[in-house]
Amino acid sequence: MTKQETKKRIAKLKKVINHHNHLYHVLDKPEINDAAFDSLKHELYKLEQQYPNLITFDSPTQRVSGKALDKFEKVRHKKRMLSLEDIFYKEELEAWQERIQKLVPNQKLDYFTELKIDGFAIALIYENGIFVQGATRGDGKIGENVTQNLKTINSIPLKIEIREKMPLHMLSKAESLLKKGKIEIRGEVYMAKSVFEKINQEREKQNLSLYANPRNTAAGSIRQLNPKIAASRELEFLAYDVITNFGQKTHKQEHQILQSLGFKTSQDEHCSSLNKVISFRQKIKRIRKKLPYQIDGIVISVNDNKIFDKLGVVGKAPRGSVAFKFPAKEATTIVEDIVIQIGRTGALTPVAHLKPIRLGGILITRATLHNEDEIKRLDIRIGDTVIIQRAGDVIPDVVKAIKKLRTGNEKKFQMPKKCPACGSLIIRPKNEVIHRCFNKKCGSMQKQKIAHFVSKKGFEIGGLGPKIINQLMDQGLISNTSDLFSLEQGDLISLERFAEKSAKNLIEAIGKSKKIPFSKFIFALGIRHVGEETAIALARYFGSLEKLRKASINEFANIEDVGEVVAKSIYQWFNSKKNKEFIDKFIKLGIEIKELKPAKKKLRNIVFVLTGELDSMTREQTKTRIRQLSGDVSSSVSRQTNFVVAGKEPGSKYDKAKKLGVKIINEKEFLKMIE
Ligand code: IVH
């Protein structure tokens with residue numbers, strides 16, 4: 001190809017790639033598969049390598065580019081970035097209407113409603129149609145330039161064009177602005193629930209502390225100085241505001257502009273009355289759980305822009321919009337104590353013991369404070385009144401302390417210098433946020449190890465909860481996991497709250513657990529960095545305990561998804577004298593490991609996603625069964641998914657599968673496959 005031809009090919013490739021990017025990331029309606037898409041991108045990349053001076057700022061190959069920054073530059077917003085007044089009740093909504101109606105007495109009001117995404121606000125600037133700058137809100141007047149990171153977000157177009165119908169009276173203005181002029185768009189950057197879960201699962205596997213919620217994780221990712229990190233977080237963008245004048249008369253038209261320029265917007269509705277607003281909110285409330293992102297309410301705006309502007313601003317919020325929030329899953333309570341919990345690996349986690357409080361139907365008594373830095377950041381003291389939140393409908397979080405309520409008797413918390421369980425010196429390794437106890441015999445650590453060993457993903461010994469483990473250890477009946485298998489009914493009866501029947505049940509459960517799938521056995525050992533997935537990979541690769549024990553470090557590193565650090569950790573574990581004896585003991589105790597038979601590869605290379613409940617087996621059993629047959633189980637639906645198994649009351653994965661055209665099967669069909 002001549003340079004001239006290459007130039008033409010590059011321009012065409014960019015157009016086609018941008019088109020498919022838009023179909024996939026904004027409209028959720030892909031037309032070509034990932035491999036074909038990657039292949040186009042690869043061709044473009046190659047051509048650009050050949051003629052680097054043909055690389056443009058808006059090229060799809062430039063989404064992750066640029067070096068890590070030292071700091072973000074400040075950016076002054078042309079128009080202040082406001083926030084919204086929150087309301088929670090119908091009465092407040094009516095009061096709002098009354099208030100504004102008084103200011104514009106002779107106007108008939110109609111409204112535009114959309115979703116309030118739980119992310120954070122961003123302003124994007126396009127010059128002659130090309131994305132040139134993106135900034136955070138900051139204090140509303142001055143934000144930070146995070147352009148590099150925003151470019152990694154696929155739902156932010158690098159170049160805007162008129163893709164879909166644009167209301168006619170704005171078309172020529174739009175065309176001229178795209179040729180020459182500045183366009184400012186605002187919206188919310190967020191992390192999808194499924195991505196958040198995936199990241200946390202990954203962190204759990206690597207024994208790292210878990211992130212609290214998608215919002216903070218997204219905000220943290222955008223504030224990374226290295227764009228590669230932001231890129232790995234798969235953030236998304238949803239637009240809700242057009243600052244530039246295209247001649248739009250209503251908020252509804254602004255959404256039309258956004259869509260036509262290639263932005264994703266949320267579900268919306270034009271409402272002629274407050275009653276319609278309320279039914280929209282009810283509808284959204286019902287589907288809230290199924291949405292791919294977290295929302296905390298709906299936003300209601302006066303639809304007519306002239307009236308909206310006339311209503312003006314009060315404080316930091318426009319009078320013409322309100323955020324009608326869902327009852328917050330937040331409440332206040334008192335931190336009665338901060339107690340250290342010692343994990344299986346010796347990690348110390350400070351946990352707030354709270355005055356019990358009901359929140360979203362659940363009685364909450366504890367909240368994790370994660371680590372020392374987090375306690376310092378929030379300045380939480382024992383005795384403080386705090387706001388707690390059930391983030392993402394799961395683990396409660398301490399949001400902040402209400403400092404004005406302090407009496408002066410609150411106590412600052414200090415990380416202990418010595419392990420509260422065994423008295424060994426506590427160390428916070430350099431560059432880590434976690435304090436650790438390094439005494440391998442630490443009683444507390446042993447208890448956690450046993451809890452891990454008997455957990456669902458391990459030996460699955462039901463009825464052996466933390467309280468019983470404590471009793472058994474405190475009475476000296478067991479000191480490590482292998483001791484469990486020598487317990488007898490008589491040992492248990494002497495314990496508090498143990499009757500003959502419950503003792504018999506537990507001994508039976510322990511006996512039954514001796515037959516265990518290979519991968520679950522590996523998981524139960526609690527080897528550092530070996531979570532459920534790695535355990536499965538090891539079981540599949542080696543097939544038998546004998547082979548696994550004898551493997552070399554290189555062999556471990558050969559396994560897909562096992563990196564150097566993990567390989568080293570596994571190798572060291574199996575080659576320590578103590579662990580060798582430990583494994584021998586298990587073999588002597590008659591543990592029967594169900595090894596994976598190579599013949600059973602019925603589901604090889606088939607990826608399943610499970611949603612809803614099955615009648616015939618638990619979630620854990622289903623996963624084990626699929627894996628025994630060499631299939632894979634993934635937690636989120638993508639185009640790589642082969643089957644979604646839908647049981648009773650399926651969740652959002654069902655809808656995602658429908659959207660992506662992934663095959664959905666019911667329990668009966670699934671059982672047939674695994675027969
Ligand atoms: S309109 C006048 N629309 O909520 C301010 N905001 O509590 C413009 N947000 O700072 C806001 N989804 O970060 C608007 N559909 C939506 C929104 C939305 C989320 C956020 C935004 C804003 C905050 C105000």
Side-chain angles (χ1 to χ4, degrees), residues 77-88 92-93 96 100 111-124 134-144 146 150 153 155-156 184-193 213-216 218-219 222-223 235-244 248 250-259 263-271 277 280-281 283-285 288 291-305 307-326 328 330 389 399:
H77 298 297
K78 288 263 154 17
K79 188 175 161 196
R80 188 146 72 113
M81 288 183 83
L82 299 169
S83 60
L84 294 172
E85 185 200 330
D86 292 339
I87 57 171
F88 293 92
E92 290 175 303
L93 182 68
W96 170 70
I100 57 176
Y111 306 99
F112 191 78
T113 53
E114 60 198 294
L115 308 189
K116 188 167 187 303
I117 319 297
D118 203 5
F120 59 100
I122 285 286
L124 307 176
T136 61
R137 184 169 87 160
D139 64 0
K141 290 182 188 148
I142 294 177
E144 286 180 318
V146 289
L150 294 173
I153 301 179
S155 37
I156 295 183
E184 180 166 353
I185 304 294
R186 291 181 183 171
E188 203 82 350
V189 165
Y190 66 91
M191 180 177 276
K193 293 185 215 167
N213 59 55
R215 204 202 97 84
N216 292 359
I222 276 297
R223 301 207 72 268
L235 300 173
E236 294 183 54
F237 178 78
L238 200 139
Y240 50 66
D241 216 356
V242 180
I243 304 300
T244 313
Q248 63 268 36
T250 61
H251 196 60
K252 185 174 172 172
Q253 284 176 0
E254 291 188 359
H255 270 235
Q256 286 169 337
I257 297 173
L258 290 169
Q259 285 157 12
F263 290 95
K264 187 153 70 177
T265 58
S266 79
Q267 198 165 333
D268 58 45
E269 200 160 292
H270 182 191
C271 301
V277 169
F280 176 75
R281 180 170 178 272
K283 184 170 88 191
I284 297 301
K285 208 170 160 187
R288 183 182 183 190
L291 290 169
Y293 41 73
Q294 283 192 353
I295 60 170
D296 50 2
I298 61 169
V299 176
I300 304 149
S301 305
V302 168
N303 192 35
D304 185 308
N305 284 354
I307 303 179
F308 184 94
D309 290 340
K310 198 165 164 194
L311 288 169
V313 173
V314 51
K316 286 185 176 178
R319 280 200 190 82
S321 292
V322 277
F324 195 174
K325 289 213 180 170
F326 295 125
E330 265 189 10
Q389 181 186 50
V399 180

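Only this structure's heavy atoms are used, side chains among them; waters, hydrogens and symmetry mates stay out. In each ligand, atom 1 is the first atom listed, and ligand 1 is the first ligand listed.
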Margin query: Check this for me - ligand 1, Phe120, N or O atoms closer than 3.5 angstrom, yes or no?
Written below: no
Margin query: Is the contact between Arg137 and ligand 1 made by the side chain, the backbone, both, or neither, using heavy atoms and a 4.0 Å cut-off?
Written below: side chain
Check: What do we get for Pro318 next to ligand 1 when only non-hydrogen atoms under 4.0 Å count, side chain, backbone, both or neither?
Finding: side chain
Margin query: Among Phe308, Tyr190, Tyr240, which one puts a heavy atom closest to atom 21 (C) of ligand 1?
Written below: Tyr240
Notebook entry, point to check: Can you tell me the protein heavy atom closest to atom 12 (N) of ligand 1 and the distance?
Noted result: Ile117 N, 3.0 Å
Check: Can you tell me if Arg215 uses its side chain to pair, donor with acceptor, with the backbone of Gly119 under 3.5 Å?
Finding: yes
Next item on the list: Report yes if Lys116 has an N/O atom closer than 3.5 Å to an N/O atom of ligand 1; otherwise report no.
Entry: yes
Check: Is it the side chain, the backbone, both or neither of Val299 that has a heavy atom closer than 4.0 Å to ligand 1?
Finding: side chain
Next item on the list: Inspect the surroundings of NZ in Lys283 and state if more than 12 heavy atoms from other residues, nucleotides or ligands are less than 6.0 Å away.
Entry: yes
Notebook entry, point to check: Counting only N and O atoms by type, is there a donor-acceptor contact under 3.5 Å from the side chain of Thr113 to the main-chain atoms of Ile300?
Noted result: no
Notebook entry, point to check: For the side chain of Arg137 and the backbone of Leu82, is there at least one donor-acceptor N/O pair under 3.5 Å apart?
Noted result: yes
Check: Using heavy atoms and a threshold below 4.0 Å, how should the contact between Leu115 and ligand 1 be classified: side chain, backbone, both, or neither?
Finding: backbone
Notebook entry, point to check: So, Trp96 side chain and Gly320 main chain: donor-acceptor pair closer than 3.5 Å or not?
Noted result: no
Note to self: For the 3.5 Å polar cut-off, considering only N or O atoms, please tell me whether Glu114 and ligand 1 meet it.
What the structure shows: yes
Notebook entry, point to check: To the nearest 0.5 Å, what is the distance between CG (Leu235) and CD1 (Ile122)?
Noted result: 9.5 Å
Check: With a 3.5 Å cut-off and no angle check, do the side chains of Glu188 and Tyr240 form a donor-acceptor pair?
Finding: yes
Checklist line | Closest approach of any protein heavy atom to atom 24 (C) of ligand 1, naming residue and atom | finding: Leu84 N, 3.5 Å
Check: Taking 4.0 angstrom as the limit, do Lys264 and Glu236 come out as a salt bridge?
Finding: yes
Check: Which protein non-hydrogen atom lies closest to atom 5 (C) of ligand 1, naming both residue and atom, and how far is it?
Finding: Leu82 O, 3.4 Å
Notebook entry, point to check: Side chain or backbone of Glu188 under 4.0 Å from ligand 1, or both, or neither, by non-hydrogen atoms?
Noted result: side chain
